[in-house]
Amino acid sequence: MMDMNHGHIVTVASSLGLFSTAGVEDYCASKFGAVGFHESLSHELKAADKDGIKTTLVCPYLVDTGMFRGCRIRKEIEPFLPPLKPDYCVKQAMRAILTDQPMICTPRLMYIVTCMKSILPFEAVVCMYRFLGADKCMYPFIAQRKQATNNNEAKNGI
């Protein structure tokens with residue numbers, strides 16, 4: 001790619017690589033790492049004048065794959081922010097890649113959350129998370145996983 005100055009690098013991260021929540025620190029850290037790597041690589045390509053190599057960062061909200069089944073935001077907000085269908089995420093990502101869009105957040109509301117996190121004091125962000133129910137959204141998922149683990153241990157006599 002570097003020799004030909006041509007190509008496209010796509011990093012699939014998550015909205016949890018732009019802002020985090022309680023209970024999934026390890027997941028958030030890995031996604032923050034992917035975002036940081038992507039940004040650094042993008043800067044490296046620009047500094048090397050490799051304008052023929054494009055980059056796209058893909059940061060979807062919760063995708064309905066079952067990975068985080070049980071994750072819940074505030075029930076009044078859920079109808080406006082349901083888990084995303086995988087096909088929709090792929091279409092959005094492909095559109096961004098084909099139009100050389102440097103970053104795609106789905107849904108677009110994720111851009112606002114990221115912007116607010118950047119300009120508001122930490123305590124204001126905490127209030128926003130609490131209002132949305134995002135501060136503890138992973139707790140039901142974690143409890144469900146813990147219960148499944150306990151059931152498996154009981155079945156296996158551990």
Side-chain angles (χ1 to χ4, degrees), residues 8-43 54-156 158:
H8 201 119
I9 298 168
V10 180
T11 304
V12 179
S14 166
S15 59
L16 290 179
L18 303 171
F19 50 86
S20 62
T21 189
V24 285
E25 294 81 6
D26 51 352
Y27 182 81
C28 293
S30 72
K31 296 308 176 180
F32 268 83
V35 170
F37 175 79
H38 180 89
E39 288 181 7
S40 183
L41 180 60
S42 297
H43 286 294
K54 308 300 181 191
T55 61
T56 300
L57 175 62
V58 180
C59 294
Y61 169 68
L62 182 64
V63 182
D64 190 12
T65 62
M67 182 173 171
F68 289 121
R69 184 171 286 120
C71 173
R72 294 282 179 261
I73 58 173
R74 189 171 149 194
K75 65 182 178 193
E76 294 85 1
I77 305 291
E78 267 186 338
F80 303 104
L81 264 179
L84 303 172
K85 298 294 178 199
D87 287 350
Y88 172 76
C89 293
V90 170
K91 286 177 186 171
Q92 294 298 307
M94 287 305 301
R95 187 179 63 167
I97 293 163
L98 295 172
T99 59
D100 295 331
Q101 188 174 334
M103 179 177 175
I104 178 71
C105 291
T106 51
R108 291 195 176 276
L109 177 63
M110 296 302 110
Y111 290 110
I112 295 168
V113 175
T114 302
C115 181
M116 292 178 78
K117 177 194 166 218
S118 299
I119 60 174
L120 292 174
F122 180 74
E123 290 304 321
V125 173
V126 170
C127 288
M128 177 180 65
Y129 277 30
R130 286 180 177 160
F131 173 78
L132 295 171
D135 59 330
K136 298 176 183 174
C137 65
M138 290 294 181
Y139 285 11
F141 161 75
I142 293 166
Q144 192 174 21
R145 294 287 301 224
K146 192 179 231 180
Q147 182 64 38
T149 301
N150 290 342
N151 286 343
N152 261 349
E153 289 174 357
K155 284 182 196 174
N156 296 324
I158 298 174

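These numbers were taken from a predicted model, which means no experiment stands behind them.
- Considering NZ of Lys31 and OG of Ser14, their distance stands at 6.5 Å, rounded to 0.5 Å.
- Within the 4.5 Å cutoff, the side chain of Val58 has no heavy atoms near those of the Met94 side chain.
- Side-chain atoms of Thr56 come within 3.5 Å of backbone N or O of Gln101 as a donor-acceptor pair.
- In this structure, the side chain of Ser30 engages the main chain of Tyr27 through a donor-acceptor pair within 3.5 Å.
- Under the 3.5 Å distance criterion, the side-chain polar atoms of Arg130 are left unmatched by any main-chain donor or acceptor of Asp135.
- In this structure, Lys117 and Val113 have side chains that are not in contact, with every pair of non-hydrogen atoms separated by 4.5 Å or more.
- By the 4.5 Å heavy-atom criterion applied to side chains, Leu109 and Phe80 are not counted as neighbours.
- Considering only heavy atoms from C-beta on, Thr106 stays 4.5 Å or farther from Tyr61 through its side chain.
- Summarising the geometry, atom CG belonging to Leu57 is positioned 12.5 Å from atom CD1 belonging to Ile9; distances are rounded to the nearest 0.5 Å.
- Atoms SG and CD, from Cys59 and Gln92 in turn, are 13.5 Å apart once rounded to the nearest 0.5 Å.
- Looking only at side-chain heavy atoms (C-beta outward), His8 and Ile97 come within less than 4.5 Å of each other.
- Two residues are said to be in side-chain contact when any heavy atoms from C-beta on lie closer than 4.5 Å; Tyr129 and Ile73 fail this criterion.
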